[in-house]
Amino acid sequence: MSVHIAADGLTKTYRVPVREAGLGAAVRSLFRPRFDEVQAVRDVSFQIERGEMVGFIGPNGAGKTTTLKMLSGLLYPTSGSVDAAGHTPWKRKTQYLSKISMLMGNRSQLQWNNTVYDTLYIFKEIYGVPSDVFKRHLAELCDLLDLAKLLPKRSRNLSLGERSKCEFALALLHQPEILYLDEPTLGMDVTMQLRLREYIREYNRRFGATVILTSHYMSDVTSLCGRVLLINGGELVYDGKLAKLQEMITPFKIVKLTLDQAELTQEELVSQGIEAELTERKDNEYMLRVKKQDAVTASGLLMSLYNIVDFSIADPPMEAVIDKIYTEGGLG
Amino acid sequence: MNLRGGLALIRGQLFGYLSEKGFFWTLALGWMTAPVIYLLVWQAAAAGGVIGGYDRNDFILYYLCLIVVNQATYPTTHWTTAEHIHNGTISAELLRPVPLIYNALGTEFAVKIVCLPFVTAVVTLFGFGFQVKLTIAADSLGLAAAALLLAMLLRFLLAYAISLLAFWTQQSNALLQVNDTLVFLLAGQVAPLALFPPGLQKLAMQLPYRYMASFPVEAVLGKLSMAEIRSGFAVMAGWILLLAILTYVLTNKGTRKYSATGG
Amino acid sequence: MRYLRLLGTFIRAAIQNESAYRLNAVMRLLSTGLSLAGGIGGIAVLFQATDNLNGWSKAETLAVLGVYMLVLAVNGLVISPSLHKLGGMGGEIETGNFDYTLLKPLSKQYYISVREWSVWPLLDIAVSLGVIGFAVSQMEASLTAAVLGMFLVSLVIALGLLYSLMLLLSSVAFWYRGTYVLWIMGDVLQTGKYPVSIYPRPVKLVLTWVFPVGFIVSTPAEVLMQRAEPVTLAAGFLLMLVLFAAASLLFNRSLRKYAGASS
């Protein structure tokens, strides 16, 4: 394994013109504009290995997309450096741009009146892909995305799902070794999200590409990325395994159990010496919150004391974890 | 008729357009260029004497009035109407409890209120620049005002009817383009109709285009006899009636087709 | 070499694209016919009244019209579609799709200048060449190879000027989003339908040095009439170099601004 992307002290400050309401202020700002400095990204450093799939997570406006744009070369940083595949991205050297691809869920590259094949062919020429390589890549894409029957269709006649598939194909045609995905599943229904995730995982597996992803849908990140970078208020607050983040934020397990007959109350739990908190009850189904270190003893006690029909123990759902970080603003 | 709804639409759109007046003034300047070019060309040509009953002062007056009339009658919404039908935004408009045409009318009024004062100011400056002599009779002013209002209605209806064809074809824009060219050629922009060869002149008098721009101008400058004015109004009323019926039919059939196929 | 191949790809895409619209073909033919009729008709009407417009004969004015149509057609063939896709209404700067363009591994200026083609102006080019040919046949002077060569040189200068101006105007969209300055260009170009020297002096000065419609349309026509001074051509060439350098500079500065390298 080798380092593919290394960012060091990445900082981006925007200057935003400000003026008070009213005509006088508008005229004054013509002559002496005032600016506010907004730090979108502050001193972010990390290293990503070749073939890794990494997710950027964080609330809206945290700086995820700004960071991604600096990595792809769309934005100059105010300070700091990035080495991606041996290049400085914002110099936008042809060699670098030929190695990467960026897919933005809210933007389209398809040409409305041209067929999918013709658009792919234009991309072949733009990226300077030789004809024999093009043939091979196209065959692989058809295999990966089940694209063959869409090729002769005009883009404007495609359904939403087919369109996103083709957008993905355009991004992958030159087989980039780094894939930046900015909200790739935006606006898709659940089935489509699942399919696209499958394609991303498969692309990563087959070609050993490095994938960096931002998404609002936590399930995108949980299902694809072993490692996450949590950005909040422009700063990198966590870099590591998703599971570990979960542990840090919520040191609880959720125990669900269905009882045969008996009643279970918080008082009873306390009197039996079970370290658990009853959080929900529906008929004879109960939900308990148990500290991680107490989980084993608590489960043992519950099993021995009650007639249990159904029992499960799990981590709290990721959405709840993320919500806790976003609302509390950091890792406390 | 839901008049209050229509008025609210106009007011809302007016505020929207006022905030973008820079954009519309740029557009208005663009619309002015063609008549200004012909003004300059004809005033150069007439430097030697009278052409077809127009001397240099007449030509300048004619084109200055034409700029204002052209601006007042130029409809803008047919492009957006066609676009909305294509991309489906028309659905939201169809759900409103006011007739479909109100949207276009509201925008038309708003754009005109934003652009007209600007254009009038520019034209007045031109007038001083060329030192034109202006004599207008009061009764021809009244007639011209009536002709102008009808001209606005006529030009709007024709463009709107064409834009409604977007319910059936993807390419109504090409038709709109051709319509604009015809207005340019036959509404007295290239030259006053009096200078056209007789055959073409006769044809232009029967087509609706002359009545969209040059008819009010000729009326206000006192270039037309009472009989010519009377027959002019008659032709105009005929076209307006025809196009109003056509618009009504197209709206009904179009929306029915739209709701049947979902666009 | 790769860039030449790319050019072919873009042109092919335009042809494939055009086959999507069939009615368009009829409308485009009609449109070309109408604008030809309008242009020639306008001149015919004008010269019915006079046989000399500030020193320009009918055939010479016709040659100006021909050059105007030719320049406009080449503009519509590739310059205008490409640059409108960048800085026009709904263009990439407005929609943010320029992000994708910025990440393409080739010269951005080349890419944004040649990527969109329109097929129909080819017909306009043929028609305009016909008009120029007819106009020249009506003139007394005969055409030599040297004159033809000079004419080509002046056309290259004209198109270079036009391209630089269009690039300059579309780069402005990076700084002030939502102002469609590109539209003004088409309107200003219309002044080239007639020889620039028939306009009043202040207008003429603006049309020579600010929006060099004079160099873009009148000068090539003057070359055909063997009336152009070599100095004029040299001045046009110099102006083209200056404008091209300025436009390229502004475009590349705009790229840096877009990527947040400077304010």
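The structure displayed is predicted, hence computed values, not measured ones. A, B, ... follow the sequence lines: proteins, then strands. Residue 1 opens every chain.
Put simply, the side chain of Arg2(C) gets close to the backbone of Ile126(A): a donor and an acceptor are under 3.5 Å apart. Counting only distance, with no hydrogens or angles, the side chain of Lys12(A) and the backbone of Gly260(C) share a donor-acceptor pair below 3.5 Å.
With a threshold of 4.5 angstrom between heavy atoms, Thr101(C) does not approach chain A through any atom at all. Proximity to chain C (any heavy atom under 4.5 Å) is shown, for Lys99(A), by neither the backbone nor the side chain. Looking at Ser101(A), there are no atoms closer than 4.5 Å to chain C (heavy atoms on both sides), in backbone or side chain. Only the side chain of Tyr111(C) has a heavy atom closer than 4.5 Å to any heavy atom of chain A. Only the side chain of Phe10(C) comes within contact range of chain A, with at least one heavy atom under 4.5 Å from a heavy atom of that chain. Contact annotation for Met70(A): neither backbone nor side-chain heavy atoms come within less than 4.5 Å of a heavy atom of chain C. Only the side chain of Lys124(A) has a heavy atom closer than 4.5 Å to any heavy atom of chain C.
Rounding to the nearest 0.5 Å gives a distance of 11.0 Å between CG of Asn114(A) and CD1 of Ile15(C).
Scanning all heavy atoms of the two residues, the minimum distance from Leu97(A) to Leu103(C) falls at CB-O, 3.6 Å.
Listed options Lys93(A), His174(A), Met102(A) were ranked by heavy-atom pairs under 4.5 angstrom with chain C; first place goes to Met102(A).
Enclosure of atom CZ in Phe207(A) by more than 12 non-hydrogen atoms of other residues, nucleotides or ligands within 6.0 angstrom is indicated. In the displayed structure, Lys108(C) atom NZ is contacted under 6.0 Å by more than 12 heavy atoms of other residues, nucleotides or ligands.
A 4.5 Å side-chain heavy-atom check between Asp99(C) and Arg107(A) finds at least one atom pair inside the cut-off. A heavy-atom distance below 4.5 Å is not found between the side chains of Leu74(A) and Tyr100(C). Looking at Phe123(A) and Lys104(C), their side chains come closer than 4.5 Å, going by heavy atoms from C-beta outward.
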I would like to know whether Leu102(C) and Arg92(A) meet side-chain contact (heavy atoms from CB on, under 4.5 Å); could you show each step before the answer?
-> CA-CA 8 Å; Leu102(C) 202 54; Arg92(A) 290 192 299 272; 3.7 Å; yes
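By the 6.0 Å and 45° rule, Arg12(C) stacks over the aromatic ring of Tyr121(A).
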